[in-house]
Amino acid sequence: STWANLGLQDSASPLMEQLIFFHDHALLILVMITVLVGYLMFSVLSTSYINRFLFHGQLIEMIWTILPAIILLFIAMPSLRLLYLLDEINEPSVTLKSIGHQWYWSYEYSDFNDIEFDSYMIPTNELANDGFRLLDVDNRVVLPMNSQIRILVTAADVIHSWTIPALGVKVDGTPGRLNQTNFFINRPGLFYGQCSEICGANHSFMPIVIESVPVNSFIKWISKNVNS
């Protein structure tokens with residue numbers, strides 16, 4: 001996301017690509033409807049069509065009843081397809097557990113022993129010159145690219161929401177409940193997110209940073225942390 005950007009972030013996962021496609025598809029339909037209704041309103045207000053023999057028109061009534069139903073189908077079918085794709089849990093290569101606290105995140109790599117850490121936002125006065133204010137953290141989540149990743153989300157105190165816009169991921173963390181979703185990162189880089197649930201006074205100060213790396217680099221990172 002860049003300054004004054006009105007569009008969505010560039011996608012970093014296939015699911016986010018599908019979400020962007022659906023957004024553009026629905027927006028195109030909305031533009032067509034807006035133009036048509038605007039033209040009809042302008043036409044009615046600027047002209048005076050009078051037909052003293054016209055009491056009702058069955059054909060036009062059928063058209064304006066059936067046409068909206070067809071338009072809704074064109075929106076509903078891709079939407080339902082996408083809904084099922086987002087809910088599908090494939091065979092995961094890595095499982096990450098995220099626990100929301102007031103106001104920081106804790107992470108556990110469930111497939112490996114003794115890899116867990118807390119992730120706090122870096123205060124502005126401690127931020128490096130190339131850091132992002134209110135977005136950088138002291139411990140980033142390192143995940144392999146081109147791998148299916150399952151994330152389990154919960155919370156220790158109040159409801160939080162683990163959200164990464166570039167990956168199309170948004171999962172509520174609810175105390176006493178374990179929610180899960182999956183994603184597939186198709187390029188390396190840093191991906192930023194924030195808690196999207198109003199969880200208290202410091203709600204806007206618990207960011208999320210994912211570092212996507214090649215599988216070999218991820219294995220080295222895992223080995224280093226297990227050994228230490």
Side-chain angles (χ1 to χ4, degrees), residues 8-23 78-101 104-120 135 137-156 159-197 206-228:
L8 298 168
Q9 293 185 25
D10 292 339
S11 69
S13 74
L15 287 176
M16 188 58 194
E17 286 179 11
Q18 293 295 317
L19 284 167
I20 292 173
F21 290 154
F22 176 69
H23 169 269
S79 173
L80 289 171
R81 170 182 166 274
L82 192 52
L83 198 62
Y84 279 100
L85 280 174
L86 289 167
D87 212 31
E88 187 73 23
I89 301 294
N90 298 307
E91 194 69 32
S93 302
V94 177
T95 298
L96 175 72
K97 185 177 181 182
S98 175
I99 306 166
H101 303 265
Y104 64 96
W105 295 97
S106 294
Y107 296 101
E108 300 173 9
Y109 286 79
S110 306
D111 304 307
F112 312 97
N113 293 327
D114 302 324
I115 300 185
E116 54 183 69
F117 54 85
D118 297 333
S119 180
Y120 288 86
L135 282 178
V137 296
D138 54 359
N139 289 313
R140 295 170 177 167
V141 178
V142 179
L143 291 172
M145 58 182 283
N146 295 328
S147 304
Q148 281 292 341
I149 297 157
R150 174 175 60 180
I151 179 160
L152 308 173
V153 184
T154 186
I159 298 176
H160 299 275
S161 185
W162 199 84
T163 307
I164 304 288
L167 302 178
V169 177
K170 185 168 188 263
V171 188
D172 276 353
T174 308
R177 182 185 176 95
L178 207 59
N179 292 327
Q180 74 170 353
T181 190
N182 76 308
F183 54 90
F184 182 95
I185 309 174
N186 56 18
R187 60 187 172 94
L190 291 176
F191 306 107
Y192 295 87
Q194 290 175 301
C195 176
S196 296
E197 198 71 56
M206 50 183 301
I208 305 155
V209 182
I210 287 184
E211 185 176 351
S212 173
V213 298
V215 176
N216 290 338
S217 301
F218 176 73
I219 293 172
K220 290 177 183 177
W221 181 83
I222 287 290
S223 303
K224 177 184 174 183
N225 281 273
V226 167
N227 294 332
S228 60

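Note that these values count all heavy atoms, side chains included, but never hydrogens, waters or copies made by symmetry.
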Tightest non-hydrogen contact, residues Pro207 and Trp105, listed as O-CD1, 3.5 Å
Side chain to side chain contact (heavy atoms under 4.5 Å, CB included) test vs Lys97 passes for just one of Arg150, Glu108, Glu116, namely Glu108
Looking only at heavy atoms, the pair that brings Phe218 and Val142 closest together is CE1-O, 3.3 Å
Residues at least two apart in sequence or cross-chain that pass ring pair (Phe, Tyr, Trp, His ring centres under 6.0 Å) with Tyr192, listed by chain then number, are Phe132
Between Gly193 and Leu135, the two heavy atoms sitting closest are O-CD2, 4.4 Å
- request: Apply the test side chain to side chain contact (heavy atoms under 4.5 Å, CB included) to residues Ile151 and Ser98: give CA-CA distance (whole Å), side-chain angles for both, the deciding distance (0.1 Å), then the verdict.
  value: CA-CA 7 Å; Ile151 179 160; Ser98 175; 4.0 Å; yes
Scanning both residues in full, the closest heavy-atom pair of Ile164 with Ile210 reads CG1-CD1, 4.0 Å
Counting only heavy atoms not in Asp114, do more than 12 fall under 6.0 Å of its CG? no
The reported gap from CG in Leu15 to CG in Leu85 (rounded to nearest 0.5 angstrom) is 6.5 Å
For Ile20 and Gln9 the tightest heavy-atom approach is CD1-O, 3.7 Å
Ser11 backbone acceptor or donor facing Arg187 side chain under 3.5 Å:
yes
CG of Leu143 to CH2 of Trp221, rounded to nearest 0.5 Å, is 8.0 Å
*Mind checking whether Phe191 and Ile185 have side chains closer than 4.5 Å, heavy atoms only?*
yes
Side chain to side chain donor-acceptor pair (under 3.5 Å) filter on Gln148, not counting sequence neighbours, yields Asn182
ask   = Do Arg140 and Leu190 have side chains that get closer than 4.5 Å, going by heavy atoms?
value = yes
dist Phe117:CZ -> Asn139:CG (nearest 0.5 Å) comes out at 6.0 Å
>> Run the side-chain hydrogen bond (donor to acceptor under 3.5 Å, both in side chains) test on Ser147 and Ser93 for me, step by step, so that the C-alpha distance in whole Å, both residues' side-chain angles and the decisive distance to 0.1 Å come before the verdict.
In response: CA-CA 6 Å; Ser147 304; Ser93 302; 4.6 Å; no
Rounding to 0.5 Å, atoms CD1 (Ile159) and SG (Cys195) come to a distance of 10.0 Å
Hits for side chain to side chain donor-acceptor pair (under 3.5 Å) against Tyr107, two or more places apart or cross-chain, chain-then-number order -> Trp162
Extract all donor-acceptor atom pairs below 3.5 Å that involve side chains of residues 165-181 and protein atoms in other chains or at least two apart in sequence.
{"residue": "Asp172", "atom": "OD1", "partner": "Ser161", "partner atom": "OG", "Å": "3.2"}
{"residue": "Arg177", "atom": "NE", "partner": "Asn179", "partner atom": "OD1", "Å": "2.9"}
{"residue": "Asn179", "atom": "ND2", "partner": "Asp172", "partner atom": "O", "Å": "2.7"}

Worksheet item: If we only count heavy atoms from C-beta on, is the Tyr109 to Leu96 side-chain gap below 4.5 Å?
Response: yes
Sorted by chain and residue number, the side chain to side chain donor-acceptor pair (under 3.5 Å) partners of Ser217 (sequence neighbours excluded) come out as none
What one should report as the nearest heavy-atom pair of Asn146 and Asn186 is OD1-CA, 3.7 Å
Classify the ring geometry between Tyr104 and His101 as parallel (under 30°), tilted (30 to 60°) or perpendicular (over 60°).
-> parallel
Applying side chain to side chain donor-acceptor pair (under 3.5 Å) to Gln18 and not counting sequence neighbours gives Arg81
